[in-house]
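Notes for the one structure printed next.
In the text below, chain A, chain B and the rest are named by the order of the sequence lines, each starting its count at 1.
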Number of protein chains: 2
Amino acid sequence: MAKNGKISDAVIRRLPKYYRYLGDLLKNGINRISSNELSRLTGFTASQIRQDLNNFGGFGQQGYGYDAKKLREEISKILGLDHKYKVVIVGAGNIGQAVANYAGFYEEGFEIMALFDKNPKLVGLRIRDLEIMDIDDLKEYLTHHKIDLVVLCTPKEASQGIADIVTSCGVQAIWNFAPTDIKVTDNVAIENVRMNESLYTLVYYYNEKSNNFNN
Amino acid sequence: MAKNGKISDAVIRRLPKYYRYLGDLLKNGINRISSNELSRLTGFTASQIRQDLNNFGGFGQQGYGYDAKKLREEISKILGLDHKYKVVIVGAGNIGQAVANYAGFYEEGFEIMALFDKNPKLVGLRIRDLEIMDIDDLKEYLTHHKIDLVVLCTPKEASQGIADIVTSCGVQAIWNFAPTDIKVTDNVAIENVRMNESLYTLVYYYNEKSNNFNN
DNA sequence: TAGATTGTTAATCGATTAACAATC
DNA sequence: TAGATTGTTAATCGATTAACAATC
């Protein structure tokens, strides 16, 4: 842990992976897990796993390991997955629909409350049990509903404008799929899914491996 | 640069961001850029930017800065974006369709050659100018076409199986959107887009900020 | 030339790993 | 108890930042 008591981003970003594997273990009826075994599953070192978890408390037991169910619950609490979150999706194209349709999010407490789009061909269509609403009604909607999180699935030209609108309405979390950087005030959490950058990185490593082959 | 001469992953993952901002600059008719100005745009320190770029060569000029066009081309070469890549998408649901429909990928040289799906309701449908093919024909297709990259947009239960098939057919790059870890041999590049983990991380920071507010 | 800005080395910082005492 | 495995400190490693000489 850093001296200021803040947990580093690298640690936080490993927690979801622990959470996922613990879920898998429980599904397979395994209730006890050692840092060594978790290391084998996740690819992180056992030492790192113990360090990570000890940032938040001593969840294990010497000579035994960790109780998978209890540990998963603790990580759930740390991440905040023990709460429910009201979500609005802006941009109801493929990505917006993919998020709306992904059952896994609902199971973890993310409730899609509404979808908005600018395209008249999409407005009125139903995704699951939700009718896509007109983007012009977004501000009005947000002033009347307490929304935790907005998923930004608009073209990149529109995203900063939408971000400004939703944050001015009090939304404090933005999940951005547009390939652009969005500026928000310090009280707003923002997380980018950078598909472009991911693809370019993949291509770099693809070529690196191919080149090695030609050596 | 590490002693072994290998560029660190952290450096590689910053390159696409440089690449993007250089493109924006060129679009705005700006041809000259200093590390200081790039720092302001990207949020990385000027020192880091100079370090990063110098891993690959001295692309700048003292007293002047960098030529945006030249620098962008160099990064393009480093990442391998100066090549064309033949791409097959497996799983033609929302995510698969989103990738297929995203024009930006085509512009960067990624040619979608075919889409495959298991769902008979999707097979035969057209996405852009491509007919969705039956997953049963995937192996046959790959043996007759040299494909660089497979995009995995299947449910997580199917992804390892598909990965095994495509790598056995010689595909050496997998872009995986399924929320699971896939095992491949060392000659295959794999890159995961972990939407779940991204969302959980966002929620962590969202709660952290809210808690601060309540202090 | 003077000013600007890179390229590059050295210093710092933080993250990861190793080691082992504590203890179940 | 003996064996196992955590929690935690110390050592190492690598990444970032600072500084400045080189040079355009």
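- The interatomic distance linking B:I49 (CD1) with C:dG7 (P) rounds to 12 Å, in whole Å.
- Between B:T45 and D:dT16 there is no side-chain polar atom (N or O) within less than 4.0 angstrom of OP1 or OP2.
- We find that CZ of B:R50 is positioned 14 Å from P of D:dA21, with the value rounded to whole Å.
- Residue contacts for A:F59: at a heavy-atom cut-off of 4.0 Å it reaches the sugar-phosphate backbone alone, with no base atom in range.
- Looking only at side-chain heavy atoms (C-beta outward), B:Q51 and B:V11 stay at 4.5 Å or farther from each other.
- Between the side chains of A:N94 and B:N94, no donor N or O sits under 3.5 Å from an acceptor N or O.
- The phosphate of D:dT16 (OP1 or OP2) has no side-chain N or O of B:S47 nearer than 4.0 angstrom.
- At whole-Å resolution of the value, CG in A:D52 and C1' in C:dG14 are 14 Å apart.
- Using a 30° and 60° split on the angle between ring planes, B:H145 and B:Y141 fall in the parallel class, below 30°.
- Where B:Y64 and A:L53 meet DNA chain D, the nucleotide closest to each residue was compared, and A:L53 sits on the side nearer the 5' end.
- Atom-to-atom, NZ of A:K6 to P of C:dG14 comes out at 12 Å; the value is rounded to the nearest Å.
- Residues B:E73 and B:K77 are not paired through a salt bridge, judged by the lack of any N-O separation under 4.0 Å between the basic side chain and the carboxylate.
- The phosphate of C:dG7 has OP1 or OP2 within less than 4.0 Å of a side-chain N or O from B:Y66.
- When rounded to the nearest whole Å, the span between CD of A:Q61 and P of D:dG7 equals 9 Å.
- For A:Q51 against D:dT6, no side-chain N or O and base N or O form a donor-acceptor pair under 3.5 Å.
- Within the structure, every side-chain polar atom (N or O) of B:R32 is placed at least 4.0 Å from both OP1 and OP2 of C:dA4.
- For B:F105 and B:W175, the distance between ring centers is under 6.0 angstrom.
- Note: CD (A:Q62) to C1' (D:dA2) measures 16 Å, nearest angstrom.
- If you take CG of A:N54 and C1' of C:dA18, they are 16 Å apart, rounded to a whole angstrom.
- An OP1 or OP2 oxygen of C:dT16 is reached within less than 4.0 angstrom by a side-chain nitrogen or oxygen of A:Q48.
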